Amino acid sequence: MTDIRFALRRLARSPAYCLVVAALLAIGIGASTAVFSIVDAILLRELPVPHPEQLVRMVQHLPKLGDRSAFPYVYYQALKQHATTLSAVFAESAMEMRFPVSEPRPVEEVRVGIVSPKFFKALGVHASYGRLFTPTEARNTSQTPPAVLSYRFWRRHFHADLRAIGQTMVLNGKHFVIVGVMPRNFNGISVDTSPAIRIPVSAIPVFWNRPRNRMSFEIAGRLRPGVSLKRAGEECLAIWKPVVTNYYEKVAKYPPKEVAALLRRGLALDPLARGTSVLRNQFKESFQLLAGLMALVLLIVCTNVAGLLLARVAAHQEEYAVRLALGASRFRLMRQLLLDNLLLTVAGAVGGLLIALALIPLSIRLIPPVRDLTGTLVPLSVHAGVNGRVFLFLLAASAIAMFLFSLTPALTAARLRVDTVQRGARSSLGWRGRRFLILVQVALCMFLLVEAALLVRTFRKLRDVQPGFNPSHIVTFERIF
């Protein structure tokens, strides 16, 4: 406690110095934490459901398009009846069409997800408010089908009014009763997109004049304990082959060549622990590059702070020499300097946390619009924030930053020679350290400037790409129902 009180008194005598160092650390730590929060939400975090490691998704590998999960409903029914390696199977419409909502608020176009009866049960989630579909509602068409709202749509369209549960809303000209609202961070099996409204498969005849067997669904399931991904994939493929042959030949009326091509394409199971992501598929390398650049920014901040600390050591070397002459050990001197830096790091970490909390929502809004494989604009629903892992990253970044900017000043102070200070000579150790830090700063700043210039140049070239026609006064139309 004595050392802490002494460190606080020393720092209180230099408020401007403390403010500059804490501000620099707060900017570097806060920006890095905000970027890591978004990277964690899109690239690293698992789905917020029980046992996400058991989830798998049926996919087909399409050349130049990546993995796609779009299967007829009969395949879901066949898996539900015959799959022994899966404890649960569920499906959601892969084509989340947009439909107008007119009541009780003004007309708004939303994305609607059509889900299988055990969609929510298989994922192990519950409604935050209200309830989910009952087995009867999920399997049988009723006069007024149920609808479950996403949390964001409930807040935007109904202003978070709990009285919305039980109300009737008009969707695509049909009446639906609102039975529940999903949790804030629930997007289904996606981490960055979510339909605003989910309705059961049984409501298709009421909602849309189209048989469910002619629609495509994204199909996923849960592995039974002890079942390997390879074994489950072999079983799902064996079930898929006769189903796809019968469906596409007799129902969809595909030519034999196309059916043979589908069979050659095959089917695979992909782990679904981290969910699906439009942003991950399109901007994974960009997010990784951004994380690397933020690490460089934090390193530049550390070199700036280390330069300030070296200047402070040089300004107080007479004080350190007197303390050494009076019997203080070099270890005690280094410990006192590290304690000063620890207090500054704590202040910078607190400021960084506040900056991160302010930057995360702003950064999410700055993510560019994305489109799916059909070219439809996809509304994003990214749930980034300061959770346990992000907070641990903030602590780790603060600790690493403290180590980086404290190492050179502490060694410089520890190597201080009393006789040199008594003769009035300045130690060359501090100058060598500052010179090294200046070189590192210049090198890192030049690297970042070159990278920024290249990014701006690439962006300008992308904007100048000619589509081959005059795009002015041209509009597009989309059939949504």
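We use all heavy atoms of the structure for the numbers below, so side chains are in, but hydrogens, waters and symmetry mates are not. All values reported here derive from a predicted model rather than from experimental measurement.
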Do Phe176 and Thr168 have side-chain heavy atoms sitting under 4.5 Å apart? no
One pair to check against ring pair (Phe, Tyr, Trp, His ring centres under 6.0 Å): Phe133 and Phe120. What are the steps and the verdict? CA-CA 9 Å; Phe133 310 138; Phe120 298 109; 5.7 Å; yes
Rounded at 0.5 Å granularity, tell me how far OG in Ser202 sits from CD1 in Ile114. 10.5 Å
Quick check against the 3.5 Å criterion: does Arg57 have a side-chain atom that pairs as donor or acceptor with the backbone of Pro271? no
Validation row: Arg274, Leu44 side chains within 4.5 angstrom (heavy atoms): no
Derivation and outcome, side chain to side chain contact (heavy atoms under 4.5 Å, CB included), residues Trp154 and His159: CA-CA 7 Å; Trp154 172 63; His159 306 293; over 6 Å; no
Salt bridge check: are Arg68 and Glu218 linked by an N-O gap of less than 4.0 Å? no
Where is the tightest heavy-atom contact between Val301 and Gly28, given as atom of each residue plus distance? CG2-CA, 4.0 Å
Ignoring hydrogens and angles, tell me if any N or O in the side chain of Asp192 forms a donor-acceptor pair with the backbone of Leu380 under 3.5 Å. no
Report, one line per pair, each donor and acceptor closer than 3.5 Å where one atom sits in a side chain of residues 182-189; sequence neighbours left out.
{"unit_1": "Arg184", "atom_1": "NH2", "unit_2": "Tyr151", "atom_2": "OH", "d": "3.2"}
{"unit_1": "Asn187", "atom_1": "OD1", "unit_2": "Ser381", "atom_2": "OG", "d": "3.2"}
{"unit_1": "Asn187", "atom_1": "OD1", "unit_2": "His383", "atom_2": "NE2", "d": "3.1"}
{"unit_1": "Asn187", "atom_1": "ND2", "unit_2": "Val191", "atom_2": "O", "d": "3.4"}
{"unit_1": "Asn187", "atom_1": "ND2", "unit_2": "Ser381", "atom_2": "O", "d": "2.7"}

Answer yes or no: does atom CZ of Arg231 have more than 12 heavy-atom neighbours from other residues, nucleotides or ligands under 6.0 Å? no
With side-chain hydrogen bond (donor to acceptor under 3.5 Å, both in side chains) as the rule and sequence neighbours excluded, what pairs involving residues 20-37 come up? none
Side chain of Gln60, backbone of Gly266: donor and acceptor closer than 3.5 Å? yes
Crowded around Arg155 CZ? As in, over 12 foreign heavy atoms under 6.0 Å? no
If we count only N and O atoms by modelled type, under 3.5 Å, do the side chains of Glu235 and Thr84 hold a donor and an acceptor together? yes
Return yes if some donor-acceptor pair links the side-chain N/O of Arg152 with the main-chain N/O of Ser194 below 3.5 Å, else return no. no
Can you find a pair of side-chain heavy atoms, one from Gln77 and one from Val243, that are under 4.5 Å apart? no
What closest approach, in Å, do Ala147 and Ile199 show between heavy atoms, and which atom pair accounts for it? CB-CG2, 4.1 Å
Pair Val148-Ile197, side chain to side chain contact (heavy atoms under 4.5 Å, CB included): steps then yes or no: CA-CA 6 Å; Val148 174; Ile197 303 170; over 6 Å; no
Donor-acceptor contact below 3.5 Å, side chain Asp161 vs main chain Ala164: no
In terms of heavy-atom contacts, Phe36 and Arg389 come closest through CE2-O, 4.0 Å
Please indicate whether His126 has more than 12 foreign heavy atoms, meaning atoms of other residues, nucleotides or ligands, lying under 6.0 Å from its NE2. no
Just verifying a value: how many Å separate Thr193 OG1 and Leu279 CG, rounded to the nearest 0.5 Å? 8.5 Å
Could you list the residues that satisfy side chain to side chain contact (heavy atoms under 4.5 Å, CB included) with Ala396, not counting sequence neighbours? none
For Lys80, does the NZ atom sit with more than 12 other heavy atoms under 6.0 Å from it, leaving out its own atoms? yes
First locate atom CG of Leu25, then atom CG of Leu298, and finally report the distance between them rounded to the nearest 0.5 Å. 8.5 Å
Which pair of heavy atoms, one from Val39 and one from Ala291, lies closest together, and at what distance? CG2-CB, 4.4 Å
List the steps, then state whether side chain to side chain contact (heavy atoms under 4.5 Å, CB included) holds for Val181 with Phe153. CA-CA 9 Å; Val181 178; Phe153 177 72; over 6 Å; no
Does the ring centre of Tyr73 sit less than 6.0 Å away from the ring centre of Phe217? yes
Passes side chain to side chain contact (heavy atoms under 4.5 Å, CB included), Ser93 versus Val201? Steps please. CA-CA 9 Å; Ser93 62; Val201 173; over 6 Å; no
Side-chain heavy-atom pair Tyr129, Ile165 within 4.5 angstrom cut-off: yes
Euclidean distance, His61 NE2 relative to Leu267 CG, rounded to 0.5 Å: 8.5 Å
Could you give the distance from CD1 (Ile29) to CE (Met402), rounded to the nearest 0.5 Å? 11.5 Å
Do Met58 and Tyr75 have side chains that approach each other closer than 4.5 Å (heavy atoms only, starting at C-beta)? yes
Validation row: Phe287, Ile42 side chains within 4.5 angstrom (heavy atoms): yes
Which heavy atom of Leu269 sits nearest to which heavy atom of Gly233, and what is that distance? CD1-N, 3.4 Å
Quick one: does Ser87's side chain get under 4.5 Å of Leu223's, heavy atoms only? no
Please give me the minimum heavy-atom distance between Leu132 and Val125, naming the atom from each residue. CD1-O, 3.6 Å
State, yes or no, whether a side-chain contact exists between Pro52 and Val49 at a heavy-atom distance under 4.5 Å. yes
Roughly how far, to the nearest 0.5 Å, is CZ of Phe158 from CZ of Arg163? 12.0 Å
